[in-house]
Number of protein chains: 2
Amino acid sequence: MGGSIEEVAALAGVSTATVSRALRGLPYVAESTRRRVREAAAQLEYVASPQASRLASGHTRTIGVIADLTGWVFLQVLRGAEAVLREAGLDLLLYNPGDDSGPFDALPLRKRVDAVLVPCPPLTLMEMRSLQALNIPGVLVGASVPGFPSVRVDDVGGARTAVQHLINLGHRRIGLISGEAAGDGSDNRETALSTASADRRRGYREALAAAGIECDPGLEAVGGFTWRGGERAMAELFSVESPPTAVFVADDEMAMGALRALRRARLRVPEDMSVIGFGGHDKAEVFELTTVVQPLARQGKIAAELLLSLLDAVPDASQNLDASEVVVLPVSIEIRDTTCRPASGTT
Amino acid sequence: MGGSIEEVAALAGVSTATVSRALRGLPYVAESTRRRVREAAAQLEYVASPQASRLASGHTRTIGVIADLTGWVFLQVLRGAEAVLREAGLDLLLYNPGDDSGPFDALPLRKRVDAVLVPCPPLTLMEMRSLQALNIPGVLVGASVPGFPSVRVDDVGGARTAVQHLINLGHRRIGLISGEAAGDGSDNRETALSTASADRRRGYREALAAAGIECDPGLEAVGGFTWRGGERAMAELFSVESPPTAVFVADDEMAMGALRALRRARLRVPEDMSVIGFGGHDKAEVFELTTVVQPLARQGKIAAELLLSLLDAVPDASQNLDASEVVVLPVSIEIRDTTCRPASGTT
DNA sequence: GTGAAAGCGCTAACAT
DNA sequence: ATGTTAGCGCTTTCAC
């Protein structure tokens, strides 16, 4: 099968140690030697056995990606991260904690990966702790958990912007469809993603407060981050005595469901109901959905760079990233056709 | 860090060989011994070093997933496969051939994976050949390439069913939006996915022929499997002199774009134009899209099982799957609200 | 700048 | 049923 390092060494007329050094770009190898070794390797189509180097070096050069394969967001983040990590020669191992029974066993990860990337954290806080306990470094995307470096967007600010946009249009009765029910944050069993949900709700409330509009709990519904949930939630909202004229939906996926509910109820969008989403889903445009766009791939890219700095895999990193860093990216609002002034707009 | 096999052996009072045998469930180990070893391992939170076992055994117990991270289909397939493979204790390594320059280097795969899973083949036929040349077994999902076992749906039959449905409704001028332009199949540079595109077009033409309807090349457009492409293609179709009254869109993603085009052109669906998709996209329902549903996760599951049989990882496989097997699954049609009788329907 | 040799932590014969 | 031992193919001191 694949030639071994010894064959390369023989062909190049050097020792295996030199081959190893030459091929990995280590210093203290004469350029002429390096060239010779490279040629020999190419000629034999030599690829170092990763198992052997891992065993010998103690590094797996592998990143575990812990993600619920359901999501769409995670894919975008992964794309951004993948490019960077592959560039650095790291392997990506997939972990789906989802469907299994039991509370996610972090044990097999040890010895298997050097670090983990956790997009849209599908884990509970307790599970995150178990990762920490095993001393597996990792970076989160889309949520912040104390003790982990993370990359996310300004959820509070983004939500505020969204709601502010509705307010600027003249809306006063503004509904909210959030991902999860409001918790007190003390529940270790809630998913780390809850922070995004909570933050967006906070932004919503802040914007209302800033405009002097009182919060109406009857205008808040929960959609569970799925389009079906969003549909149900919207149906609830327009069925109340005094329905909102606009709704901020904390996730594009849910917003799609919300639009469906409105369409089926023969309510016109945006004339009868304005809808603004959050997320930057690539299909938002298909729906003409006004939404708050977050740079998903960029978050993945930055997370990957953080990961590399964590592994010291970037020796020439001019700017050293702190392991406990929390990178917060800004969002932008993309105005399409699901928002307009309220029918009885007074502005 | 993590204890080694020697520590476990010492604690259990046996040799390392016995620990290895006991923990891997090999025969010729006394049940009492096995229990003792298991307890020792649990106590030490022992996990075997995969690198070491791989190096020693020559098996990586890893499956490479070669997929373009763009897709949505691939995720569904992966979900089905993941469960099976994880159950079997196999690792999943991610490979994204997409963005990189160069023609996908299969070399690093060797020594790194035991086999590959290739959902919605993003590779050209040439690249598939290079996989073959390296003797890496693999199974394809969503397309068949000679020399590889594969799992796919009956694309021809599904397309025929879809078009037949339109015909039954009374349509005579039926358009097609296909993924790729018709090729002669001899181009090694086309992606393996082309077969799906070609098959669906074939089903479309067969259905027309069977109904005695002549094919009109002017009623066929290409959408490139993206919603934007589908939108463009639909815009083309309803702009011709004598537009179709219904369109078969060979992919749900494109169908979404097609619906958008119609909406923007103020054409009513289904009254002015019936649309039927293909794929079973989880968001088809959001659009009320009538479509041909393929069992994505099930394809992944079956592919994974094929993979296991390829690796002889299922010693007690009662039904031995042939390595050159091509599993073809049936599809079902899901009728929603984007299809109806033509306006001037004569039936 | 290069080579020799000792592991890395397992598995797989081969003994017993 | 269990133990002994020789690798698996690299990396990494430590000499030179």
Side-chain angles (χ1 to χ4, degrees), chain A residues 1-38 40-41 44-62 89 91 107-108 110-114 312-313, chain B residues 1-38 40-41 44-62 89 91 107-108 110-112 114 311-313:
Chain A
M1 288 244 168
S4 78
I5 198 173
E6 297 210 348
E7 299 174 29
V8 179
L11 182 57
V14 294
S15 71
T16 61
T18 299
V19 172
S20 176
R21 284 190 280 251
L23 257 26
R24 287 184 300 153
L26 296 188
Y28 300 112
V29 179
E31 263 322 304
S32 60
T33 309
R34 198 186 296 272
R35 200 167 22 250
R36 224 154 10 97
V37 171
R38 285 223 182 95
L44 297 171
E45 294 201 306
Y46 170 74
V47 181
S49 156
Q51 350 296 136
S53 17
R54 286 164 186 178
L55 181 54
S57 71
H59 297 308
T60 65
R61 298 201 64 74
T62 298
D91 280 346
L107 255 187
R110 202 188 27 166
K111 299 191 180 176
R112 194 152 262 167
V113 303
D114 286 342
D312 270 332
Chain B
M1 289 244 168
S4 76
I5 198 174
E6 297 209 348
E7 299 174 29
V8 180
L11 182 55
V14 294
S15 73
T16 61
T18 299
V19 173
S20 176
R21 284 190 281 250
L23 257 27
R24 286 184 301 154
L26 296 188
Y28 302 111
V29 179
E31 263 322 304
S32 61
T33 310
R34 199 186 295 273
R35 199 165 26 248
R36 225 157 6 101
V37 171
R38 284 222 182 96
L44 296 171
E45 294 201 306
Y46 170 74
V47 181
S49 156
Q51 350 296 137
S53 14
R54 286 163 186 179
L55 183 53
S57 71
H59 297 308
T60 65
R61 296 202 63 74
T62 299
D91 279 346
L107 257 187
R110 203 186 27 167
K111 299 191 179 175
R112 195 152 279 201
D114 285 342
L311 299 179
D312 269 333

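Each chain gets a letter, A, B and so on, in the order the sequences are listed, and its residues count up from 1. Because the structure is predicted, anything quoted here is derived from the model rather than measured.
- Between the P atom of dG9(D) and the CG atom of Leu23(A) lies a distance of 17 Å, rounded to the nearest Å.
- Between the side chains of Ser20(A) and Arg24(A), at least one donor-acceptor pair of N or O atoms lies under 3.5 Å.
- Distances shorter than 4.0 Å separate some side-chain N or O of Thr33(B) from OP1 or OP2 on dT2(D).
- In this structure, Tyr46(A) reaches the dC10(D) phosphate: one of its side-chain N or O atoms is under 4.0 Å from OP1 or OP2.
- Smallest separation of non-hydrogen atoms from Val29(B) and Arg21(B): CG2-CB, 3.7 Å.
- Side-chain atoms of Ser57(A) come within 3.5 Å of backbone atoms of Ser53(A) as a donor-acceptor pair (strictly under, hydrogens ignored).
- At whole-Å resolution of the value, CG in Leu26(B) and P in dT11(C) are 9 Å apart.
- Between the CG atom of Leu55(A) and the C1' atom of dT11(C) there is a distance of 12 Å, rounded to whole Å.
- The interatomic distance linking Tyr28(A) (OH) with dT11(D) (P) rounds to 19 Å, in whole Å.
- Taking atom CZ of Arg34(B) as the reference point, atom C1' of dA1(D) lies 11 Å away to the nearest angstrom.
- A close approach under 4.0 Å does occur between a side-chain nitrogen or oxygen of Lys111(A) and OP1 or OP2 of dC10(C).
- Here Arg24(A) reaches the OP1 or OP2 of dT12(D): one of its side-chain N or O atoms lies under 4.0 Å away.
- When all heavy atoms of Thr16(A) and Ala9(A) are compared, the closest pair comes out as N-CB, 3.8 Å.
- Two residues, Ser57(B) and Thr18(B), neighbour DNA chain D, and the one matched to the more 5' nucleotide by heavy-atom proximity is Thr18(B).
- Taking 4.0 angstrom as the limit, Arg21(B) places none of its side-chain polar atoms (N or O) nearer than this to OP1 or OP2 of dC10(C).
- Contact check, Thr16(B) against dC10(C): no side-chain N or O comes under 4.0 Å of OP1 or OP2.
- Nearest nucleotide to the side chain of Ala17(A), out of dG1(C), dA5(C), dC8(C): dA5(C).
- Interatomic distance, CZ of Arg34(A) versus OG1 of Thr18(A), reported as 10.5 Å (0.5 Å rounding).
- When the side-chain nitrogen and oxygen atoms of Ser49(A) are compared with OP1 and OP2 of dG9(D), none of them lie within a distance under 4.0 Å.
- Minimum atom distance to the side chain of Ala56(A) is reached by dC10(D), of the listed dC10(C), dG3(C), dC10(D).
- Rounded to an integer number of Å, the gap from CD of Glu6(B) to C1' of dT5(D) is 13 Å.
- The interatomic distance linking Gln51(B) (CD) with dT11(C) (P) rounds to 12 Å, in whole Å.
- Distance Arg35(B) CZ to dA1(D) C1': 15 Å, rounded to the nearest Å.
- For dG3(D), the OP1/OP2 oxygens have a side-chain nitrogen or oxygen of Ser15(B) closer than 4.0 Å.
- Salt-bridge check for Arg54(B) with Asp91(B): passed, with a basic side-chain N closer than 4.0 Å to an acidic carboxylate O.
- When each of dA4(C), dT2(D), dC10(D) is scored by its nearest atom to the side-chain atoms of Ala52(A), the top-ranked nucleotide is dC10(D).
- Closest contact between the side chain of Ile5(A) and the listed nucleotides dT2(D), dC10(D), dG3(C) involves dC10(D).
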